[in-house]
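Taking it in order: structure first as structure tokens, then the write-up.
In this chain, numbering begins with 1 at the start of the sequence shown. As the structure lists them, so they are numbered: ligands from 1, and atoms in each ligand from 1.
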Amino acid sequence: MDDTTAARLPALATFRRSTGACRWEGVDEHAYKEEGSAPFRAITRRVLFGDPRLSCELRYFEVAPGGYSTLERHEHVHGVMILRGAGTCLVGDEVRAVAEHDLVSIPPMAWHQFRAAPDAPLGFLCMVDIARDRPRLPTEAELAALRRDPAIAAFLDGG
Ligand code: MN
């Protein structure tokens with residue numbers, strides 16, 4: 001970031017009051033991704049902090065019961081804190097149950113997906129570099145290789 005960019009950014013603090021249940025005044029709800037760009041179900045995105053002077057963004061995603069994020073991988077890293085509800089995640093070749101306040105980091109090029117429980121939402125904070133590469137989706141061969149692990153196959157089938 002150069003000095004002129006820095007000069008254009010707001011110098012004032014922002015205060016955004018929580019309105020309860022992981023919602024905040026002045027923070028808009030967005031589509032998770034562009035519809036049709038990748039497989040996902042029942043998930044929304046909110047950007048909580050996105051100041052280039054921090055070099056990172058803090059987002060809040062919320063997956064409705066039975067929904068899931070895209071199965072993807074990329075060079076950039078995620079730092080995730082579960083803030084609400086419960087579910088399961090796949091990171092690399094590990095499937096783990098996750099619940100409120102659990103922490104998950106996703107290293108470069110690890111396949112990852114978050115799935116909400118059938119009867120609970122799964123809301124999580126996700127910290128990410130502002131400058132990041134585009135997520136890559138699995139090829140048929142990569143998906144078949146992942147499915148060779150029965151725990152991963154059950155996870156992908158929503159079990
Ligand atoms: Mn990702």
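Shown here are the ring pair (Phe, Tyr, Trp, His ring centres under 6.0 Å) partners of Tyr60, two or more places apart in sequence or in another chain: Trp24.
In this structure, Gly50 and Glu57 approach most closely via the heavy-atom pair CA-CG, 3.9 Å.
Between Leu137 and Pro39, the closest side-chain pair of non-hydrogen atoms falls below 4.5 Å. Inter-residue side-chain proximity for Met109 and Glu75 is flagged as met; some heavy-atom pair is nearer than 4.5 Å.
Protein N/O/S atoms closer to the Mn ion (ligand 1) than 2.8 Å number 4 in this structure.
Between His78 and His74, the two ring planes are perpendicular [angle over 60°; tilted spans 30° to 60°].
For the side-chain contact (heavy atoms from CB on, under 4.5 Å) with Ser69, the lone residue among His112, Gln113, Arg115, Arg45 that qualifies is Gln113.
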